[in-house]
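This is a predicted model, so every value here is computed, not measured. To find a chain, count down the sequence lines: A is the first, B the second, and so on, and within it residues start at 1.
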Amino acid sequence: MSHVDQELRPPLVLGDKSLGDITDDIAAPMAATPSTLWWVGFGIAFSALVLGVVAVSYQIAVGIGTWGLNRTVGWAFDITNFVFWVGIGHAGTLISAVLFLFRQKWRTAVNRSAEAMTIFAVMCAGIFPLIHMGRPWLFFWTLPYPNYRGPLWVNFKSPLLWDVFAISTYLLISAVFWYVGLIPDLATMRDRTQPGLKRSIFSFLSLGWNGSARTWHHYETVYMLLAGLATPLVFSVHTIVSMDFATAVIPGWHTTIFPPYFVAGAIFSGLAMVLTLMLIARKTMRLEDYITVSHVDRMCKLMLAMGCIVGLAYCTEFFIAAYSGNAYEQFLFRNRALGPFSWAFLTMFSCNVIIPQVLWFRAVRRNLFAVFAVAIVVNIGMWFERFVIIVTSLHRDFLPSSWSYYIPTSIEVATLIGSFGLFFTCFLLFCRVAPAIAMAEVKGVAQVKKPESLRIPQPEEAVA
Amino acid sequence: MSSRQLIFASFAHEEDLLEGIRALRRADVKIVDAFTPYAVHGLDRAMGLRPSPLTWVCFVCAMTGVLFALWFEHWSLAVSWPINVGGKPWNSLPSDVPIGFEMAVLLGGFGSVFALLGLCRLFPGKRARLATPRVTNDRFVVVIEETDAVTTPDFVHALLEPHGVVEFEERLAEEKVPW
């Protein structure tokens, strides 16, 4: 009966394309010279990256005393950025793996770029714990390798070490998932490129793919397995990130709601970032027939659902603080909402909970400017969520004489800008060198029909 | 027999390919392989392919990962250099679980991908043998072997004619070529 359902739904690809048209449309932006808009974007992103490189180099040379951290606030901007970027990555895995398992065919329009976004976001995230080490050249001390200091092994009971394993696994599995998905498309690019260096590179990377049914059969199995592995992986990664906080005995961090709250928040922020990028990409690369308004509509519904879960989590935290009867917990939450950082709390709450409610309206979900604005607002709000969790929980600790305020230094701000620079530089380059939409997957769901006169009734149709 | 007589029949639509393959199988013609630009649903069943064994490879690799991680975590922190962390017991299994899980995913994922590449003989720099250059774009090809006197090109063409075959070609392939 699934066949009948598909007939009732609007097509996923507009414009009555043939298979060849799909290849041409998606491959066209890669062959054309970059537009002025692309160069402007690349110029800004690359400048931000250079600024970040300068800031990080200075900070490594001088030490993390260049940051605004103090006796009470030991984690602030850097860990906020880390959690923010890890979260951004999660939507990519949600779209590529979770929606694949749920047979959501519309994912094919966005999964390739969402997966690329995951990899770049996790790369950005990885920088922050590394530079927070102060001596990043000794990063290999986080790995359990035989050494002459005992051998002294790493502390496997620490959530910070779980994070090392979770983030590395996440980066590697995301990269493999992305590459496996790219192989058939690289083969398509190989077969439509004139002989030369470009073709040799596509040929090398496409591993001799020839579209054999036997290969597809095994390939589909492996794709399903990777999706099945990546789904619990994505939940585990942000669960472990949340345990960096939840296992500490700090009021505001020490709570059991953190794992689901962090996972929902991560997917929420990631969807906002996917929407931001997709709305830009569909316009600049003329992919309006593939990333349709109805794709944006569905993404908005997902984002709204996640935003409501996040809003519920915020309220639950306050309720539990009030209900627990714990004086420290109650003080912390009163301080979070009304204390010196109330401006950050209000930014977070309005950006993540109040403003996204406009997505209940279909007219808003189908107005791309409105969606873009909401996505940017959610990006900002989710960055502030991590800032609020980290800084407001720390700045007034158990000893009032050590209470302090936190102001980031220019180096910290430049590092944050630099991470955005790295992210967008990578993404813009990706759009130039690889098909931004999974051609082989889109063709599978495009329902390319042959003219009615040539069709032979199929057995299942005859029954229906 | 040092060479094989092969027939390459191309289609423009996935439904044609599926119907063509069903017709060939009903007539007991030996299908060497089919080539498609995307994963065609139902093609594995139409061709009678057995379920991929890669799920087992994944299971074994993932189990190896989790068992090795749990053993190593226990051995390093309880046997090789015991460390007292917050008074937790040496062999506190719950704190070993997250890394055990991550290692299961890592090995399971990499194991199944490398098994896929090995099984399908895909490797960097391999020269692709294409049934037709358009097979990665918009053509569906089925390759048939002329095993006996009955499977003549005329016979096969007659079978595929009603299913909209767009190109039909007979080629001589060397024995060592996999298709």
[X] [atom1] to [Y] [atom2] distance, which is reported to the nearest 0.5 Å:
X	Y	atom1	atom2	answer
A:M224	B:S112	CE	OG	13.0 Å
B:E73	A:F165	CD	CZ	7.5 Å
B:L116	A:T221	CG	OG1	9.0 Å
A:L19	B:R139	CG	CZ	9.5 Å
A:W153	B:F72	CH2	CZ	4.0 Å
A:T169	B:I99	OG1	CD1	9.0 Å

Portion of [X] that has a non-hydrogen atom of chain B nearer than 4.5 angstrom:
X	value
A:V164	neither
A:S212	both
A:R190	side chain
A:L225	side chain
A:L172	both

Can you tell which part of [X] gets under 4.5 Å to a heavy atom of chain A, answering side chain, backbone, both or neither?
X	result
B:P133	backbone
B:V135	side chain
B:I31	backbone
B:P94	neither
B:F101	side chain
B:F114	neither
B:R50	backbone

Hey, are the side chains of [X] and [Y] touching, using non-hydrogen atoms and a 4.5 Å cut-off?
X	Y	value
B:P37	A:T23	no
A:D191	B:N137	no
A:K157	B:I83	no
B:C120	A:Y219	no
B:Y38	A:I22	no
A:E220	B:H41	yes
B:P124	A:L205	no

So which of [options] has the largest heavy-atom pair count under 4.5 angstrom toward chain B?
options	value
A:S203, A:P184, A:S168, A:A166	A:A166
A:S158, A:P159, A:A187	A:A187
A:G228, A:P151, A:S200	A:P151
A:T239, A:L233, A:L161	A:L233
A:Y170, A:Y179, A:F177, A:W209	A:W209

Could you go through A:S236 and B:V105, starting from their C-alpha distance and side-chain angles, then the distance that decides it, and tell me whether this counts as side-chain contact (heavy atoms from CB on, under 4.5 Å)? CA-CA 11 Å; A:S236 85; B:V105 169; over 6 Å; no
Should the heavy atoms of other residues, nucleotides or ligands under 6.0 Å from CZ of A:R149 be counted, would the total exceed 12? yes
Is the CH2 atom of B:W75 crowded by more than 12 outside heavy atoms at less than 6.0 Å?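 Above 12, so yes.
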Among [options], which residue forms the greatest number of heavy-atom pairs with chain A at distances under 4.5 Å?
options	value
B:L18, B:V85, B:V40	B:V85
B:S95, B:A104, B:G86	B:S95
B:S92, B:G109, B:S76	B:S76

Check whether A:N210 reaches the backbone of B:R129 with its side chain - one donor and one acceptor, N or O, closer than 3.5 Å.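 Looks like yes, one N/O pair under 3.5 Å.
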Closer than 3.5 angstrom, by distance alone: can the side chain of A:H217 be matched with the main-chain N or O of B:L43 as a donor-acceptor pair? no
Heavy-atom pair with the smallest gap, counting every atom of A:L229 and B:C58: CD1-SG, 4.0 Å
Minimum-distance pair of heavy atoms, taken over all atoms of A:L152 and B:W81: CD1-NE1, 3.3 Å
Among B:L54, B:V57, B:L119, B:L117, side-chain contact (heavy atoms from CB on, under 4.5 Å) partner for A:V222: B:L54
